[in-house]
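The structure appears right after this line, and notes come after that.
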Amino acid sequence: MKIRTLFLFLVLLLCQSGFAKQIVLSEKIIEYLEFESSTVPLHDTFVGLSAGYSNKKSEAIDKIEPTFWWCGMKNTRLQLMVYGLNIATYKPEINYPGVVLKEVCPMESPNYLVLYLDVKDAVPGKFQIEFIKGKRKLNCTYELKERQRSSEDKIGFNSSDVVYLLMPDRFANGDESNDSIQMRHPYEVNRKDVNARHGGDLAGIMQHLDYLDSLGVTAIWTTPVLENDMGEGSYHGYAATDYYKIDPRLGTNEDYVRLAELMHQRGMKLIMDMVFNHCGTNHPWLLDPPMHSWFNNSHKYVETNHNKTVFFDPYASDIDKLELTDGWFVPTMPDLNQRNRFVADYLIQNSIWWIEYADLDGIRQDTYVYPDPDMMVRWCKEVFEEYPNFNIVGEVMVPNNPVGTAYWQQNNIVNGKANTRLKSVMDFRLRTIAADVFHEETSWNTGLQLLFEHFAYDFCYPDINNVMRLLENHDTDRFLLEDPENLNVYKQAVTMLLTIPGIPQLYYGQELLMTGSTKKDFGYVRPNMPGGWNGDEISVFQESGRTAMQQEAFNFMKKMLHWRKGNAAISKGKMKHFMPRSNVYVYERSYNGKSILVIMNGVNKEVDLDLTFYKEVIGDRTNSKNVLTDSNVPLGKKLHLQPKEVLVLEL
């Protein structure tokens, strides 16, 4: 008998004999089970372990998801997932005007029961759901709320916005009382450990909205805030253990709603990071799977191949396609099977619940191409049917070619398989080349020439204004790998990001010259914001805590962001660019007669630029205003440029 089999036998024996009141599978045990080949299916193992201690409980309703819903939604079908010991053996009954129980679906595990209701004719109010088994009855109260706003009134983020990505655990600690609280899984708060939790929370974000508002950002995207009751490294939030609950170490559901309210009072937008591809290994679903098909590869651990080209690769093999969508992202993130209709319904409804409950302005969907593609099309369709002016950006990390990214934007003719209905995608190719573009000298095939050629491929996107552009984020190296000697390169990169077509995405600390590489660990590009914790010696949230160069960078970013607000030439305007001449890249943004000219010197030497090549955009104008310095710039035959200089000229 294998050691592993003996281990399972002993655990089951302990459960059944009453020596252990409760068995909780730790991550280490789960990982051991995942990596070992087995004659005992994982599903059966988890159910057996669960049953071993569940028999010690009384039959009751533990919870219902979602906890409430609304009347007046366009889609009147409501899925209720009921959790409770042996709840699948009960028959539900509802007697409330307008609520029709359409379908009752016991899961394979007796501890789950899925109900489908039609609430088309229901009015707001509370009603009883009665669960009956023989003479035994269980009751619970459910509420249908009245909607507070119209679906059409919800305007998602767009090209007029600048999105600021932050990681709540690393941004600021506004409530120390939730740093070390009791969770099912032990964890440590240690700011010296890049993989440990550091204590940042929603209160910290709320306390620094003045900082973000004054900087000029108009939207905030936080990495996931749902409960991640996991071990080391889970501070990032990408392994959910409860889809309807904010992680208590970050705050409460009410805190999240309050954050949205405070942002809306300032005219700012909130974007929620969602993860449909996987959950965490400590999610109740993995410990007691509702169905054997709830997860992909539930009987044997298979890691995804991360080969995101399989969808458009004309030569792709079936096994490569299957490994991408059905493989686990990492051992602690089991792969949800969106082909299971109950899983799909749950995830779609959960996203709509958060939009309505927290009054969200957008969703960023993690690992967008990894889930079942048909389900993702259905998700976008149902969200936009409910909220036609909402926006979703998908993480499509195809860093080598923009065509592979554009494939996923809705209405793309190069995608002959299906209209994805996904409005926005992320330009990771720009991020990939950014360091070379700006740090290298421009020549025929390097530096700003790469930028010119990259933008030539914008034709691939059906809606270029709905493409999110970035220089860095939480999964990549920082644009600055080390402290700069001057800000010439930084200013060029920031100017480019904020003046090209699309939606700019900043990463927290970018305005303060944060540096870092992912080579050692992702934690090194996810540092704390100094001053966000009591006891910090300096605070970069205040001018007094910044170095002279940090302050110069902050002022530059702030000036550009406030100039960009309401600037239709940037958010809606056409772009015309010129191949680099004399190592200088020039492009125009124009809208309704307003013209803006961006000029970048790609070399570390002075250049006299011949302006006759740009007559078609300059016209007869002889003067312009430099937005960056508020100074006048004559437009004669030549324009003198300093080394690595950048100009933003209003013509």
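Everything numeric in this text was worked out from a predicted model, so none of it was measured.
- Aromatic rings of Phe311 and Tyr407 (six-membered ring for Trp) have centroids beyond the 6.0 Å cut-off, not under it.
- For the salt bridge (charged side-chain N to carboxylate O under 4.0 Å, His left out) test, no residue two or more places apart in sequence or in another chain qualifies with Asp372.
- Ring geometry for Phe384 versus Phe390: interplanar angle of 30 to 60°, hence tilted.
- Between the side chains of Asn297 and Asp326, no donor N or O sits under 3.5 Å from an acceptor N or O.
- Below 30°, between 30° and 60°, or above 60°: for His474 and Tyr238 the angle between ring planes is below 30°, a parallel geometry.
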**Message:** I'd like to know whether Glu395 forms a side-chain hydrogen bond (donor to acceptor under 3.5 Å, both in side chains) with Tyr368, so could you lay out the CA-CA distance, the side-chain angles of the two residues, the decisive distance to 0.1 Å, and finally the verdict.
**Reply:** CA-CA 5 Å; Glu395 184 199 28; Tyr368 188 86; over 6 Å; no
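- Ring geometry for Tyr142 against Phe127 counts as tilted: the plane angle lies between 30° and 60°, on a 0 to 90° scale.
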**Message:** Assess the residue pair Glu382 and Arg421 against the criterion (salt bridge (charged side-chain N to carboxylate O under 4.0 Å, His left out)); give the C-alpha distance rounded to whole Å, side-chain angles, the decisive distance to 0.1 Å, and a yes or no.
**Reply:** CA-CA 10 Å; Glu382 293 195 20; Arg421 299 181 183 267; over 6 Å; no
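- Between His278 and Phe329, the angle of the ring planes stays under 30°, which puts this pair in the parallel group of the 30/60° scheme.
- Cation-pi contact between Arg249 and Tyr187: present, with separation from the ring centre below 6.0 Å and deviation from the ring axis of at most 45°.
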**Request:** Show your reasoning for whether ring-ring contact (aromatic ring centres under 6.0 Å, His included) applies to His198 and Phe171.
**Result:** CA-CA 9 Å; His198 291 186; Phe171 188 69; over 10 Å; no
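- The aromatic rings of Trp328 and Phe295 sit tilted, their planes meeting at an angle between 30° and 60°.
- Listed for the Gln338 side chain is a donor-acceptor partner under 3.5 Å among the backbone atoms of Phe276.
- Taking each heavy atom of Ser180 and Val189 in turn, the nearest pair found is OG-CG2, 4.0 Å.
- A pairwise comparison of heavy atoms in Leu80 and Pro66 identifies CD2-CD, 4.2 Å as the closest pair.
- When the shell of 6.0 Å around NZ of Lys137 is examined, it contains 12 or fewer heavy atoms from other residues, nucleotides or ligands.
- Between Trp70 and Phe68, the two ring planes are perpendicular [angle over 60°; tilted spans 30° to 60°].
- With hydrogens and angles disregarded, no donor-acceptor distance shorter than 3.5 Å links the side chain of Asn337 to the backbone of Trp294.
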